[in-house]
Novice: 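So that we are looking at the same thing, I have put the structure below in structure tokens.
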Amino acid sequence: MSTAVRVRFAPSPTGTLHVGGARTAIYNWAFARRHGGALVLRIDDTDAERSTSENTDQILRSLLWLGIDWDEGPGADGAFGPYFQTQRSELYAVALERMNSSGAAYPCFCTPDQLALKRDLARSAGGFSGYDRTCRGIDPEQALRRVSSGEAHVWRLAVPLDRGPVTFDDAVRGATEFPITAMDDFVLARTDGSPTYNFATVVDDGEMEISHVIRGDDHLSNTPRQILVFEALGYAVPVFAHLSMIWGSDGKKLSKRHGATSVETYEEMGYLPEALLNYLALLGWSLDGETTIISRDTLCEHFSLDRISKNPAIFDAEKLEWMNGAYLRDMNASAFVDAITPWLEREGLVTREDISVRRDWFESLAPLVSERAKRLDEVAQKVRFLFDEPTITEAAREKVLAKEGAIEALDAASEALAAADFTAEAIEAALRTVPETTGVKAKIAFQAVRVAITGDTVSPPLFESLELLGKERSLARIAAARTLAG
RNA sequence: GGCCCGUUCGUCUAGCGGUUCAGGACACCGCCCUCUCAAGGCGGAGAUCACGGGUUCGAAUCCCGUACGGGCUACCA
């Protein structure tokens, strides 16, 4: 009995894709995949002032980066196009005409000034503050004459006053009811003939046979208005699911003040798409209350509207960072190398070609750093010593090389390593002889070598680092550090 | 002002009338592991379930109210 699942994500290209929009997109996408339905990507670009094609492109790119694919929309023609609202004017005009002829819409000649005055008056009197329906009382024939004479007018919805309350069963919030007496005869079409959001959306959702509308909480109050239009136009009313908002760390609206808000920024900061997807999916939805690492496939397999939480969520950048680290750790060497390639390239450490030539070497480097990084942008700094000669920091020199026994340890290490096979195991065995032959504590000896090799007191594991560097370069660095130490 | 929605550890959440003096995750603290840093293991601290009334043998869970927060109330979306 259930009809096909068809959902839509309808961003306005007035900016880039924000994390809030991304989460809405993820939920729509996961729901479509879960039910073998279709995800429609519709571009709500009716705001000509603020909409740009650059923004549209950026939104599409961010969606793709996150791994969200759509079945219909830009680049994926379907039977319900076009998928840009600016190209659908004809549809809106036809729908408006239908409403007009059935008496569900009427022209209103009130000027903005008059309306503002009435609104102020009504509000200060308390109670209903919507349009007072003056023009609804105009004789239809006379109204028509005024319209055809070219008098400026908008079209408004004639709210069916004899109807009961508008009720709907929101998939997230449950039964919701709005008294019809609180419904405004809101504007469907502006003076210039263009449709308003509440009208265009309904025409689109109706024409596109959308079965479930999963969208932000800010539209909850618009829903009864839209239901009235669905009914007037004879479309099947979709199931609604309203998502609560995502707030910044201070509980206020998420903005630049809280750091990154757009998806592309997260990409630039070195986050993995699967980590952002996972984090956002869990921000308002849970699999079982226990599982936190949830793969794309698991999400598509188990996503359900009834496990979406009703309360707003605060965006926790720390948890996202932790999650990104968890994904980094879980990557296999090959995937990790692919992920870091652009970052190493950007830092000028290596070229793509170098990597493909020495693929094995890079893959053996991967596990050393993948479990130590939370973001991709940290990687270059961690492996820089393998490409560039290190500069020993002043702090490292004082804390380590100036220590008693450091020089002896370096000398002994140099000797032992010169004779060693250069595998991590052999290197370790060689270095472990240093404390014995010199009496220098292992910690001090190892740190001295670490500083010599990496320039810093913190680095990837020492033995493996030496192996990756190679014997010749390792010995040269120890000699250089020896000189520096005195 | 009117209409509507929300409220469980600092944060994300589990919980859908009893098996919960509330479970998991991030962050935090301690211990272990250890060549540094991480990672990992173990343990700890952290929520009178916003508040007040009901209903019930029994409520975080149902109902009502209050407070606080939010949305809509535009010829924005």
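Within every chain, numbering begins at 1; the chains are lettered A, B, ... in the order of the sequence lines, protein sequences first and strands thereafter.
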Novice: Checking R42(A) against F84(A): charged group under 6.0 Å from the ring centre and within 45 degrees of the axis?
Specialist: no
Novice: Under 4.0 angstrom, heavy atoms only, what part of the nucleic acid is L462(A) near: base, sugar-phosphate, or nothing?
Specialist: base
Novice: Both distances under 3.5 Å, Watson-Crick or G-U wobble: report the partner of rC51(B), or none.
Specialist: rG65(B)
Novice: Say we look at rU66(B) and rG43(B): how far apart would their P atoms be, to the nearest angstrom?
Specialist: 47 Å
Novice: Please figure out whether Q447(A) or A10(A) has its closest RNA chain B nucleotide nearer the 5' end.
Specialist: Q447(A)
Novice: Measuring from the side chain of R156(A) (C-beta onward, heavy atoms only), which nucleotide among rG24(B), rA14(B), rC75(B) has the closest atom?
Specialist: rC75(B)
Novice: Does A313(A) reach a base, just sugar-phosphate, or nothing at all? Heavy atoms under 4.0 Å.
Specialist: sugar-phosphate
Novice: Using purine N1 to pyrimidine N3 plus N6-O4 or O6-N4 for Watson-Crick, or N1-O2 and O6-N3 for G-U wobble, both under 3.5 Å, which nucleotide pairs with rG46(B)?
Specialist: none
Novice: Sort out the partner of rA60(B) for me: Watson-Crick or G-U wobble, both distances under 3.5 Å, none otherwise.
Specialist: none
Novice: Counting only side-chain heavy atoms from C-beta out, which of rC72(B), rA77(B), rA25(B) sits nearest to S221(A)?
Specialist: rC72(B)
Novice: So, R88(A) and Q85(A): side-chain donor and acceptor under 3.5 Å apart, yes or no?
Specialist: no
Novice: Touch check for F463(A), heavy atoms < 4.0 angstrom, all strands: base, sugar-phosphate only, or nothing?
Specialist: base
Novice: Would you say the base of rC75(B) and the side-chain of T196(A) have a donor-acceptor pair closer than 3.5 Å?
Specialist: no
Novice: Are H212(A) and F31(A) an aromatic pair by the rule of ring centers under 6.0 Å?
Specialist: yes
Novice: How many Å lie between CG on N311(A) and C1' on rG10(B), as a whole number?
Specialist: 16 Å
Novice: Atom NZ of K319(A) and atom C1' of rC28(B): how far apart are they, to the nearest Å?
Specialist: 15 Å
Novice: Counting only side-chain heavy atoms from C-beta out, which of rA25(B), rA77(B), rA14(B) sits nearest to N198(A)?
Specialist: rA77(B)
Novice: Does rC72(B) pair with anything, Watson-Crick or G-U wobble, both distances under 3.5 Å, and if so, with which nucleotide?
Specialist: rG2(B)
Novice: On RNA chain B, compare the nucleotides closest to W285(A) and C108(A); which residue's is nearer the 5' end?
Specialist: W285(A)
Novice: Name the nucleic acid region contacted by P224(A), choosing base, sugar-phosphate or nothing; use a 4.0 angstrom heavy-atom cut-off, strictly under.
Specialist: nothing
Novice: Can you see if the side chain of R123(A) gets near the phosphate of rC3(B) - specifically, an N or O under 4.0 Å from OP1 or OP2?
Specialist: no
Novice: When the C1' atoms of rC33(B) and rG40(B) are considered, how many whole Å apart are they?
Specialist: 8 Å
Novice: Indicate, with a heavy-atom threshold strictly under 4.0 Å, whether P112(A) touches base, sugar-phosphate, or nothing.
Specialist: base
Novice: With sugar-phosphate meaning primed atoms plus P, OP1 and OP2, does H219(A) contact a base, only sugar-phosphate, or nothing at under 4.0 Å between heavy atoms?
Specialist: base
Novice: For the CZ atom of R23(A) and the CG atom of L243(A), what is their distance to the nearest 0.5 Å?
Specialist: 4.5 Å
Novice: Would you indicate what R215(A) reaches in the nucleic acid, counting non-hydrogen atoms under 4.0 angstrom: base, sugar-phosphate, or nothing?
Specialist: nothing
Novice: When we call it a touch if two heavy atoms are under 4.0 Å apart, what does S459(A) touch: a base, just sugar-phosphate, or nothing?
Specialist: base
Novice: Distance to the ring centre below 6.0 angstrom and angle to the axis at most 45 degrees; does that hold for R215(A) and F240(A)?
Specialist: no
Novice: Does a nitrogen or oxygen in the side chain of K310(A) sit under 4.0 Å from OP1 or OP2 of rU7(B)?
Specialist: no
Novice: Does the side chain of S124(A) get closer than 4.0 angstrom to OP1 or OP2 of rG1(B) through an N or O atom?
Specialist: no
Novice: Classify E177(A) by what it touches in the nucleic acid, base, sugar-phosphate, or nothing, heavy-atom distance under 4.0 Å.
Specialist: sugar-phosphate
Novice: If you measure from the Lys or Arg side-chain nitrogens to the Asp or Glu carboxylate oxygens, is any gap between R432(A) and E428(A) under 4.0 Å?
Specialist: yes
Novice: Measuring only between side-chain heavy atoms, which start at C-beta, is F422(A) closer than 4.5 Å to L469(A)?
Specialist: no
Novice: Do Y106(A) and R133(A) have side chains that get closer than 4.5 Å, going by heavy atoms?
Specialist: yes
Novice: Under 3.5 Å, is there any donor-acceptor pair linking the side chain of S129(A) to the base of rG1(B)?
Specialist: yes
Novice: Heavy atoms under 4.0 Å, any strand shown: does N222(A) hit a base, just sugar-phosphate, or nothing?
Specialist: base
Novice: I444(A) has an atom CD1; how far is it from atom P of rU34(B), in whole Å?
Specialist: 19 Å
Novice: If the P atom of rA25(B) is compared with that of rA39(B), how far apart are they to the nearest Å?
Specialist: 15 Å
Novice: Say we look at rG65(B) and rC29(B): how far apart would their P atoms be, to the nearest angstrom?
Specialist: 45 Å
Novice: What is the separation between atom CD1 on I246(A) and atom C1' on rG69(B), rounded to the nearest whole Å?
Specialist: 17 Å
Novice: Look at the side chain of R173(A) against the base of rC5(B) and say whether a donor-acceptor pair falls under 3.5 Å; ignore hydrogens and angles.
Specialist: no
Novice: What integer distance in Å separates I314(A):CD1 from rU8(B):P?
Specialist: 10 Å
Novice: Identify whether any heavy atom of V154(A) sits under 4.0 Å from a base atom; if not, whether one sits that close to sugar-phosphate; answer base, sugar-phosphate or nothing.
Specialist: base
Novice: Base, sugar-phosphate, or nothing for W247(A), non-hydrogen atoms under 4.0 angstrom?
Specialist: sugar-phosphate
Novice: Any idea which of rC4(B), rA14(B), rA25(B) is nearest the W322(A) side chain?
Specialist: rA25(B)
Novice: Using only side-chain N and O atoms of R432(A), determine if any of them is under 4.0 Å from OP1 or OP2 of rC35(B).
Specialist: yes
Novice: Under 4.0 Å, heavy atoms only, any strand: does G216(A) hit a base, just the sugar-phosphate, or nothing?
Specialist: nothing
Novice: Below the 4.0 Å mark, does rU73(B) have OP1 or OP2 next to a side-chain nitrogen or oxygen of R119(A)?
Specialist: no
Novice: Measure CD1/I227(A) against P/rC4(B) and give the value in whole Å, please.
Specialist: 15 Å
Novice: Atom CG of L320(A) and atom P of rU11(B): how far apart are they, to the nearest Å?
Specialist: 18 Å
Novice: With respect to the side chain of S12(A), which nucleotide from rU11(B), rC35(B), rA77(B) is positioned closest?
Specialist: rA77(B)
Novice: Closer than 4.0 Å, any side-chain N/O of T191(A) to the OP1 or OP2 of rC75(B)?
Specialist: no
Novice: Suppose you measure atom P in rG70(B) against the same atom in rC75(B); what distance do you get, rounded to whole Å?
Specialist: 24 Å
Novice: Tell me the partner of rA25(B), counting only Watson-Crick (N1-N3 plus N6-O4 or O6-N4) or G-U wobble (N1-O2 and O6-N3) with both under 3.5 Å; none if nothing fits.
Specialist: rU11(B)
Novice: Which of these nucleotides, rU36(B), rA77(B), rA38(B), is closest to any side-chain atom of E371(A)?
Specialist: rA38(B)
Novice: Taking atom P in both rU7(B) and rA60(B), what distance in whole Å separates the two?
Specialist: 16 Å
Novice: Rounding to the closest angstrom, what is the interatomic distance between rA45(B) and rA27(B) at atom C1'?
Specialist: 13 Å
Novice: Provide the distance between the two C1' atoms, one in rG15(B) and one in rC21(B), to the nearest whole Å.
Specialist: 16 Å
Novice: Step by step, work out the salt bridge (Lys or Arg N to Asp or Glu O under 4.0 Å) result for D204(A) and R8(A).
Specialist: CA-CA 10 Å; D204(A) 289 339; R8(A) 67 359 179 238; over 6 Å; no
Novice: Can you tell me how far the OG1 atom of T176(A) sits from the NE2 atom of H242(A), to the nearest 0.5 Å?
Specialist: 9.0 Å
Novice: Expressed in angstrom and rounded to an integer, what is the separation of W155(A) atom CH2 from rC75(B) atom P?
Specialist: 17 Å
